[in-house]
J.: 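One structure follows; several queries about it will come next.
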Amino acid sequence: MTVGSSQEVLDGLNDRQREAVSVLDGPVLVVAGAGSGKTRVLTRRVVYLLEQGVSPSEILAITFTNKAAREMAERVHELVSVEASQSLWISTFHSACSRILRVHPEIGRLRSGFTIYDADDARRLLERTIRTLELDTKRFPARAVMAKISSAKANLRGPREMASDAVGAYDRLVATVYQAYEDALIANNAVDFDNLVNLVVSGLREHTGVREYYQRRFRYLLVDEYQDTNRAQNELISTLAEPEKNIFVVGDSDQSIYGFRGADLGNIIGFSERLPSTRTIALEQNYRSTNAILELANTLITRNALRHEKTLWSELGQGELPLYFVAQDDRQEAEFVVSQLMALLAEGHSLRDVAVIYRTNAQSRVLEEELSKGGIPYRVVGGVRFYDRREIRDILAYLRILVNPDDDVALSRIINTPHRGIGSGTQEQLATSARTRNVSMLHALELFSADELGLSSRAAKALTHFVELVAYLRQQVQDGVPAPVVVDEVISRTEYVDLINEEDPLTAEGRLENLAELRRVAAEADSLEAFLEQTALFSAIDADLDQSSMTLMTVHMAKGLEFPIVFVVGLEEGIFPHLRSLTSADQIEEERRLLYVAVTRAKERLMISSARRRSFQGNVIYNPESRFISELPDGVYRRLESLEYSPVPTPEHRQPRRQEPAPYRVGDRVFHVRYGEGEVRAIRERSVDREVVVYFDAAGERVFFGSMAKLKLV
DNA sequence: AGACAGCCAATTTTT
DNA sequence: TTGGCTGTCT
C-alpha cells in the first residue's frame, strides 16, 4: 500500500485529534465543535486504518451530503493507492443504501431497475394516493401528510404502528394513507429517500444471510455529522457494527439543526450509554474564528440543556467584538448591511468574503433589493436546483420510464408533455383502469385495447402515438445506445425544443442551455441507469463560490461553510426564533443551535441585527428583540444604535460621499450596463447615502445608491 | 386546452 | 407579499 508512515498520518494534528485518529477498535465518539477540524480527523483516520492493515473494503465511511463524501474521498485519494481508494466505501447514507438495494432489491420487495423518487415525485405519488382513497386534499394536504409519514419513517414506525399510536380518526386515516402510499411505491417499483434507508434496515433484519455478509464486510464504520442521524439511520449503522462495534462517530450536539426532519439528538447524546466501552474525545480547539466570536457562541449555547458540554477556544487572537445593530425596520436593516459592506470593501475586503445569513428565505427579498440599489453583486444560495427545473425533470421522466415501465409518476409527468391531446380526463380513466387491473399505466396501454380501458377513440389515437414513442426509445436503450444519445433522441422525438421556444421565448435560451448541461452530465455516466441514479441522488450542482459576489443564504444552507465576514439578520422573536418554533423547549433549543451555527460561520467579523418593524406575509409586524440577544451579556457584543454611528467608516470615507453633488439631475438620461437607458426620476438624500430613482425604457423603475450605481450620463 | 380571477396558506430541507 | 391551486369562462 502506498501510504506514508504513521508519523505522517498524525502530522499537524493536535493531541485530541491524534488520539481520535489512532484509537483502533471499539466505539469512539468524537465531539467535534464547530471549526475543530473534524473532516481532517475523519480522513486521516481512514488512512490510518489502512496503514494498520485494515483492508480498504472493510471500511464504510458515511456522510450526509455528497459534497462531504466527495471531499473526504478526494482527500483520502491523495494519500492512498488507487486500488485502495476504489474499494473504500465513502458515501452518503442514501448512496450506500441504494448500492445495497441495487444488489439485493428483493430485501426491499423491489425489482431491479427500481426508481428513486425525490421529494417532489414522492409528493405527487402521495397526492394521487390520497385522491384514490377519495379523501379531501384540503383536509389531507400532501405536504403535511408527507411530513407525518416521513417522521414516522425516521423513527422506524410503519403504517401499523402509526395506526395503533393514532389518537383520533384523523391520524388513523393518515395511517391508512401511509399504508396505501407504501403499496403504491412498491407497485411503481420505487423508493423514496426515507425508504432507501428503511428498506435496508428492515431487509437486513429479515435476511440473516445478507445481514451477516455486510456485517462481516464492513468491520470499520465511520459516521460524519452524527448529530443529524435519525433513528433509522442509527439503526442501520448499529446493525452493521453489531459484531465488532468498531464504530467511529463524529458530531456536535450543538450543531443539530435537522430535528424537524427527524434527526434525533438522542443518538449522539446517548451514544456512550448505549455502548459503555465508548471512548469519548472532545475537539474544542477551533481553527476558524477569533475568540470574540467564539465567546459569543459559547455563551449563547450554554443555555441549552440537551448537549455535550464543551467550550471552544482558538489561537487566532481576540479579534473584534461582534456588532449588534437595531434597525427601525427591515429596510433599514438591509441598509445597515450595505453600509457596513461598503466600509469593509473600502478596507480592502472582497465581496466573496461576506455572507448574509437569515432564518427564512423570504428575508432575502429586502436584502436583494438594497444590494441591487447599491449595484453590489450577490448570489442567493439554495434557489431552484438544477434537477428541479421543469425541462430537466421532464426529460428525466422520459428516461425513467424507459428503465422502469412501472413508474407511473414519471409517466404521468410526460404523457401529455408536450401536449399531444391526452387531457386530464383521459389520464384519469387510464389510471383507474390500470389500477383495477393491477398493472402500471404504461403496461395497461401495452396490454389492453382502448375499449377494454374505456378510452375514447380520439384518446386512443393520441395514446397510440405515445406508446409507439416510448417503444421506440426503449428499443434504443435495449440496443445499447449511449445515455447522451438517448437524451438527444428524447429531445428530438418529442420536439421538446419547440415546446421551450413557444412557452416563453425569454427563458428559452437558458432552458436550452440546461438541456445541454444535462446531456453533458449524461455523457459522463457509464450507463443510462447510472446516470439516473446520479441525478436522483446528487440533486445539486455545485455553485461557483469563487465568483466575486457576496453570498445570501439560510442558516441551514450555511452549515459547514465559513466566511471572514458574516451578517446574521432578523434577530427577532417570531423570526429567529421562528414563530413556529415558539411552542416547545426542544424547538427553542434547536433555534438556538441554529443561531450558534450561524455565528460560528464567521472567521473575523460578526455582525448581527434586528428590526423593530418589518413586513411579514404582506403585513407590518412589530417583534420584540430575539431572546437570544437578550440572553447574552452586554460584554460579548457591541450595540450600535443608529447608522450614523457606523464605527467602521472613517470620516474620510463617509463625508465625500454625502457632500459630493449628484452627477446627474432629475430628468437626465442615463445609461446602466444591465438595464440600458433610462431617465432619472428622483434623487433622495438618505442617512447613509443618496438614492437615485431611474425609470428605464426597458426595465422600468429601479432605485440605486447614488455612490455605488454605475450610471453614465448619455 | 388555456387563460384568468379568487382563495388560501405561508420555517428550515444534506438525500 | 408571494405562490399554488381550483373553478369558471372562452
Side-chain angles (χ1 to χ4, degrees), chain A residues 62-71 91-98 116-123 127 136-138 141-144 146-147 150-151 153-154 191-198 224-225 227-230 232-233 255-263 330 357-366 369 381-382 384-385 387-388 416 418-426 462 502-503 533-540 553-561 570 574-583 587 590-591 593-595 597-598 614-621:
Chain A
I62 293 204
T63 62
F64 269 87
T65 66
N66 294 304
K67 193 173 157 213
R70 194 182 346 107
E71 277 168 14
S91 69
T92 63
F93 273 103
H94 296 86
S95 310
C97 290
S98 170
I116 298 168
Y117 280 176
D118 69 9
D120 184 69
D121 298 320
R123 208 212 64 246
E127 183 159 332
D136 181 3
T137 51
K138 286 263 163 62
R143 252 181 71 105
M146 186 56 95
S150 191
S151 137
K153 287 186 180 180
V191 277
D192 61 17
F193 284 141
D194 293 321
N195 276 6
L196 276 175
V197 176
N198 287 37
D224 189 17
E225 304 279 15
Q227 79 283 349
D228 287 335
T229 51
N230 62 31
Q233 289 155 344
Q255 291 186 75
S256 165
I257 57 174
Y258 285 99
F260 71 96
R261 294 180 92 202
D330 46 354
I357 302 179
Y358 36 79
R359 175 67 245 266
T360 66
N361 288 120
Q363 289 169 261
S364 75
R365 219 184 98 225
V366 193
E369 286 169 7
V381 177
V384 182
R385 285 178 298 190
Y387 291 111
D388 287 343
N416 201 31
H419 297 304
R420 35 174 91 86
I422 305 172
S424 55
T426 304
E502 283 161 27
E503 230 171 45
E533 180 89 356
Q534 193 183 329
T535 57
L537 256 23
F538 293 64
S539 65
M553 64 194 151
T554 63
V555 188
H556 287 89
M557 297 302 294
K559 190 173 166 209
L561 305 178
I575 300 289
F576 205 163
H578 195 272
L579 197 64
R580 298 255 175 164
S581 303
L582 259 30
T583 42
Q587 287 183 313
E590 180 145 319
E591 295 285 312
R593 290 192 292 270
L594 271 168
L595 182 55
V597 167
R614 79 168 57 236
S615 25
F616 182 76
Q617 295 177 187
N619 296 307
V620 175
I621 53 163

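Letters A, B, ... mirror the listed sequences (proteins, then strands); counts begin at 1. Side chains included, hydrogens not; waters and symmetry mates left out as well; all remaining heavy atoms used.
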J.: Are A:D118 and A:R385 ion-paired here, with the side-chain N under 4.0 Å from a carboxylate O?
T.: no
J.: Under 4.0 Å from a heavy atom of chain A: give me the 5'-most and 3'-most nucleotides of DNA chain C that qualify.
T.: C:dT1 to C:dT6
J.: Considering residues at least two apart in sequence or located in another chain, which fulfil the ring-ring contact (aromatic ring centres under 6.0 Å, His included) criterion with A:H578?
T.: none
J.: Heavy atoms from C-beta onward define the side chain here; which of B:dA1, B:dG2, B:dA10 lies closest to that of A:H419?
T.: B:dG2
J.: Relative to the 5' end of DNA chain B, which residue comes earlier, A:I422 or A:M557, by the nucleotide with the nearest heavy atom?
T.: A:I422
J.: Quick one: label A:G382 by what it contacts on the DNA or RNA (base, sugar-phosphate, nothing), any heavy atom closer than 4.0 Å.
T.: nothing
J.: Give one of base, sugar-phosphate or nothing for A:D224, where a contact means two heavy atoms less than 4.0 Å apart.
T.: nothing
J.: Distance check needed: B:dA1 P versus A:E502 CD, whole Å only.
T.: 16 Å
J.: Can you tell me the distance, in whole Å, between the CD1 atom of A:I257 and the C1' atom of B:dT13?
T.: 10 Å
J.: Strictly below 4.0 Å, N to O, side chains only: are A:R365 and A:D330 in salt-bridge contact?
T.: no
J.: So for A:R261 and B:dT15, does any side-chain atom that can act as donor or acceptor lie under 3.5 Å from a complementary atom in the base?
T.: yes
J.: Would you mind reporting whether A:E591 and A:I257 have side-chain heavy atoms less than 4.5 Å apart?
T.: no
J.: Can a side chain N or O of A:R385 be found less than 4.0 Å away from OP1 or OP2 on B:dT14?
T.: yes
J.: A:L537 CG to B:dT15 C1': how many Å, rounded?
T.: 7 Å
J.: Taking atom P of B:dT12 as reference, at what distance in whole Å does atom CD of A:Q255 sit?
T.: 20 Å
J.: Mind checking if A:N619 touches a base, just sugar-phosphate, or nothing, with heavy atoms under 4.0 Å?
T.: nothing
J.: Taking only the P atom of each, what is the distance from B:dT13 to C:dG4 in whole angstrom?
T.: 16 Å
J.: Is there a side-chain polar atom (N or O) of A:T65 under 4.0 Å from OP1 or OP2 of B:dT15?
T.: no
J.: Taking A:N619 for the side chain and A:I621 for the main chain, is one N or O donor matched with an acceptor at less than 3.5 Å?
T.: no
J.: By a 5.5 angstrom centroid cut-off and a 30 degree plane limit, is there stacking between A:F260 and B:dT12?
T.: yes
J.: Nearest to the side chain of A:R359 - B:dA1, B:dT15, B:dT12?
T.: B:dT12
J.: Closest heavy-atom contact between A:G421 and A:N416?
T.: N-OD1, 3.4 Å
J.: Please measure how far the C1' atom in C:dG3 lies from the corresponding atom in B:dT14, and state the result in whole Å.
T.: 25 Å
J.: Could you tell me whether the phosphate oxygens of B:dT14, OP1 or OP2, come under 4.0 Å of any side-chain nitrogen or oxygen in A:N66?
T.: no
J.: With a 4.5 Å limit on heavy-atom distance, are the side chains of A:L196 and A:I116 in contact?
T.: yes
J.: Between A:K559 and A:Q617, who's closer to the 5' end of DNA chain B by nearest nucleotide?
T.: A:Q617
J.: Looking only at side-chain N and O atoms, does A:H578 come under 4.0 Å of OP1 or OP2 in B:dA10?
T.: no
J.: Checking all strands, does A:S581 fall into the base, sugar-phosphate, or nothing category for heavy-atom contacts under 4.0 angstrom?
T.: base
J.: Remember a base hit wins even if backbone is also touched, and classify A:F616 as base, sugar-phosphate or nothing at under 4.0 Å, heavy atoms.
T.: nothing
J.: Using a cut-off of strictly less than 4.0 Å, decide whether A:N195 has a side-chain nitrogen or oxygen near OP1 or OP2 of B:dT15.
T.: no
J.: A:R580 side chain: which of B:dT15, B:dA10, B:dT13 is closest?
T.: B:dA10
J.: Quick one: does A:N230's side chain have a donor or acceptor within less than 3.5 Å of a partner on A:R261's backbone?
T.: no
